[in-house]
Amino acid sequence: MNSWLHTSSNAFIVAFFLYCFSFIGYAVAVAGRRWSNRDPEAHTKRWGRIAFALAILGWIAHLTFFFTRWKGGGHIPTSNMYEFMTFLGMAIMFAFIVVNLIYKNPLVGAFATPLVVIIIAYASVFPSEVQPLIPALNSIWLKVHVTTAATGEAFFAVGFAAALVQLLRVVDFSRTDKAGKRQQRWVEGVLFFIIIVVGFLVSVFGFRAGGYHAEFRQEQFRIDQQGNEVSTVAKVEYGLPPIVKPYNSETLSMDSFLGVDKPLFEAPSWMNGVNAGRKLNTVIWSIISGLILYGLIRLVLRKPLAAKIHPYLDGIDPEDLDEISYRAIAIGFPVFTLGALIFAMIWAQIAWSRFWGWDPKEVWALITWLFYSAYLHLRLSRGWQGTRSAWLAVIGFIVVLFTLIGVNLVIAGLHSYAGV
Amino acid sequence: MFQNTKCECGHQNPTGTVLCESCGKPLVEDLPLDSPLEMRYDGAARRSQKANPDLIDRVWNFFSSVKIAVYLIVITLIGAAIGTIYPQENTFINLDDPAQYYKDTYGTWGQIYQTLGFSRTYESWWFVGLLVMIGTSLVICSLDRVLPLYKALSKQQVRKHLTFINRQQTVYSGTLEQDPEAWTAAFEQQLKRKRYRVWRDGTALLAEKNRFSRWGPYINHIGLIVFLLAVLGRGVPAWHMDQYVSIDEGQTKPIPNTNYYVKNEKFTVEFYKDEELPEGLKGTNRAKLYETKAVLYACTQYCDDPVKDPVLTEVEKHDIHVNSPLSYKGLKLYQYNYEERIRLISVRPMLVDSQTGQSYGPFDLPMNNPPLTYKAGPYTLKLSDVFPDFGMDEQNRPMTKSRDPNNPAFVFIVTGPGLPEDGEIYIYFPLPTAEDKTLQQQINASFQKSGNNSGRFSFQVGKMENVKFSQYTTYLNVRVDRAMPYIWVGAAISMIGLVMGFYWQHRRIWLRIDDGKLSLGAHTNKNTYGIRAEVAAALGKTGIQVDPKALDNRRNTR
Ligand code: HEM
């Protein structure tokens, strides 16, 4: 590793911790409002400022990571999953800074910073070595495309964070009727989903720290260009104990875990993404550890997570949050259109000779775009502002995440980065 | 429904008007009296709101509804998503029996998917139909709104009805301690500093900025229409060509249906060396470069003449890489794929006389279009038969399996000193495989048995420099897409519209002073936060301190 890359990985760690501290600062800013012996406004303002300063410092460290890695690696670091996800984290931070400069609302920070922390942690799951470019990725348009698309998505992420706060703010925990209960359950569901992602991170890094390893030999068939069936044999390595093994595979080696030394199931054949079996296994583990984590939290809090957060958001105008969420999406939409569709088409035209090929990843970018244009059109009419539109902003970001991660998980396509 | 369209200010409005075109007083009361007004299109009447719609009106109304547009968008979105569940048929180059394939590969669900036609989602009539409907809707809804909006915005009244002012999203009212004329003038200055255009009518004032941003959505829609039309235009056969050519190194091939020829001078594939790769990738074949050195020729003469060779002139030369196609007058050649496959280009064999040990030649034998006669020393070789891809048929007769030079064999009639008048027949396999050499011997032996030759001659290439071969076959994708410029123009227009509509906001402020009471209302199509801040700042600079939040009318009513 050359010295640039060395600096780079140090800067990454610095950025990570600064983001964590920034999150703590925001949490104090919001939670401290209800502490006695202080003026809530002044308290929030003070801690909000500290947290924002930390966020900016973190972002500068992140930029340092990015540019030193660029210099040391010889190409812009956006060409594999690790690089892309860290870039996305950086873009979300950028979007957050922009929105915060306009609206100065610490609540958004209290939700945007943990989102960035999670995304960066997620990035670290992937191999972080600099990989030399393959010819298809060696194009200026690809770089322009990836960076602008990620920036657009980052604004959607900030819109999501604001919408989530808005939902937590408006959900009424005193209601016991059916509709009220349903609303409570859904909001809790979103938080649960986030905890599952955290559970994923905990299990991956936990087993990695413990040095867990299993290996399989998988035989796969595919049809080549001449229409012949070719079989390939590949070794698939697992970092998590295999609950499911790859489709059509045999175990080469496997550490036993809690006395279990055989995989319990085999992945279904229709999951035909790259390394689908391993990914499915990871998803199962995430859900298991997410459930454990969530159970523990419930045990400590003795009430739903959303019900715990809700009182802290008192006295905040939901309209402000609605406006912030909408504005973030409105800023992001043209950027996303330019990056994820237009630049993508330009690049596809140069690299693959067609500007559009209905590749799953392309289709999902289009779906994201259509979804947000439906959101924008719905907001033109009265009934679709406020809570309903907040839900759309939340769902929209889930669509974004599926496009970025889910498509690689279940669907094979030209864009698949190698993954977990 | 009977509607009184004459406003109390005396203005006669068209049916469907929501807010009086002149003074802004609400004509239709559909909402609580104190809630903010519906300011869409400034309350102007639209064609789609005609009282007694006939059939055409109904179609118009259908397509001009934003609700319908959202439905169309959502259905398209869901359809597109379903299309990604399994790979589409067109991702396979050779798929003879799709039904069988989906059944075998994806089971019952795959079979159902294929039967329902989802494996061809994006070419299906319903999907294209949805896109066409969205396009229609785009045209109609834009026309339906942009004209009334344009009219409403180009003839605005300065003095508005008090109801209109007090029911904006952003409002302020209070008693004015200062001289009304002087204060209004000062306020005007403040707004001008914020780049508002200001009109005054006594102590009534209208300030406006960024009106152009209201046209953003429509410009965006126009761009989308251009884009969709261009996409449909790609269906015109003359506008579109998409084919593949495979070319060995050194080979020149015609591009079907054009009068162009393309030559592959050399194909290169490079992989990263181990020391260039990080730990995890060492020992893998990670491609670094694919390159076809290509030359494009135009045929200028004898293009379709079966007898004469075409006359080619070079028109373009380019090293085609994955991200760098050869481009000539709308024709584009892309690196698509390659295959490692050794193929002879030409050999220079010697004719060896096994009786005397003497050898003659060498003579040039190209695999493509070999000439009919050759000279080797005193001997003449006449080519009597060529099998580019040698094989045996059921009756054990020599035949060629394909026209590709996979395993060429040449049959010569040798004449010259000491040979019979009509010569001796020899077969020659230039590929240096043991299998071929055995075959060559066997066939020549059988010729000898039947008296066609004396077994005296054989062929020998000797040194490698006498062999020219191609190691790789490159696959190029040849494209013509005359709709592309329109696609980019549409996309660009669309982007301009989006930027106009989202990064600027139309803002208007109305105020009037009646007997020392100031009433101010402000409206924006987006970013109410921004306009509140601007109004509060301007008020503050003129001696009225308010918190921007206190101006929010929506909050006051909830
Ligand atoms: C995929 C297709 C479409 C896209 C991407 C699109 C995009 C947009 C965007 C970005 C806006 C601005 C929204 C805002 O200012 O908040 C807008 C506004 C609008 N769109 Fe679309 N649109 C599409 C299709 C349609 C269709 C089919 C209709 C037909 C009814 C329609 C009707 C409208 C209307 C009425 C407006 C409001 C214009 C105004 O504010 O003055 N759109 N559209």
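Throughout, a chain's letter reflects where its sequence line sits, starting with A, and its residues are numbered from 1.
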* Atom group of Trp369(A) that falls short of 4.5 Å from chain B, counting heavy atoms -> side chain
* Side chain, backbone, both or neither: which part of Trp109(B) has a non-hydrogen atom closer than 4.5 Å to chain A? -> neither
* Asked: Do other residues, nucleotides or ligands put more than 12 heavy atoms under 6.0 Å from Lys103(B) NZ?
  -> no
* Asked: Side chain, backbone, both or neither: which part of Tyr272(B) has a non-hydrogen atom closer than 4.5 Å to chain A?
  -> side chain
* With chain A, which of Trp488(B), Phe271(B), Tyr290(B) has the greatest number of heavy-atom pairs at distances under 4.5 Å? -> Trp488(B)
* Aromatic Trp384(A) / basic Arg388(A) pairing, under 6.0 angstrom, 45° off normal -> yes
* State plainly whether the residues Lys332(B) and Asp481(B) are in salt-bridge range, i.e. N to O under 4.0 Å. => no
* Before accepting this row, confirm whether a basic side-chain N of the pair Arg354(A)/Glu362(A) lies closer than 4.0 Å to the acidic partner's carboxylate O. => yes
* To do: Can you tell which part of Thr528(B) gets under 4.5 Å to a heavy atom of chain A, answering side chain, backbone, both or neither?
  => both
* Region of Tyr503(B) that comes under 4.5 Å of a non-hydrogen atom in chain A -> side chain
* To do: With sequence neighbours excluded, tell me which residues meet side chain to side chain donor-acceptor pair (under 3.5 Å) with Gln88(B).
  => none
* Against chain A, label Asn477(B) side chain, backbone, both or neither, depending on which of its atoms sit under 4.5 Å from a heavy atom there. => side chain
* Examine whether an atom of Glu291(B) lies under 4.5 Å from a heavy atom of chain A, and if so say whether it belongs to the side chain, the backbone or both; otherwise answer neither. => neither
* Shortest non-hydrogen contact from Thr473(B) to Ser246(B)? -> CG2-CB, 3.9 Å
* Knowing that exactly one of Ser494(B), Ser142(B), Ser137(B) qualifies, which makes a side-chain hydrogen bond (donor to acceptor under 3.5 Å, both in side chains) with His221(B)? -> Ser142(B)
* With sequence neighbours left out, write down each residue that passes side chain to side chain contact (heavy atoms under 4.5 Å, CB included) with Glu270(B), or none if nothing qualifies. => Thr268(B), Lys288(B), Leu289(B)
* **Which atoms of Ile487(B) approach chain A - backbone, side chain, both or neither, heavy atom under 4.5 Å** => side chain
* Structure fact -> Interface check, chain A: of His321(B), Lys526(B), Lys67(B), most non-hydrogen pairs under 4.5 Å belong to Lys526(B)
* To do: Give the member of Ala330(A), Ala374(A), Pro127(A) that has the highest number of heavy-atom pairs under 4.5 Å with chain B.
  => Ala330(A)
* **Heavy-atom pairs under 4.5 Å with chain B, option from Leu366(A), Leu380(A), Ile331(A), Thr337(A) with the top count** => Ile331(A)
* Most contacts with chain B, counted as non-hydrogen pairs under 4.5 angstrom, among Val335(A), Ile346(A), Val130(A), Ile140(A) -> Ile346(A)
* Asked: Any cation-pi pair here, Arg379(A) with Tyr326(A), using under 6.0 Å and within 45°?
  -> yes
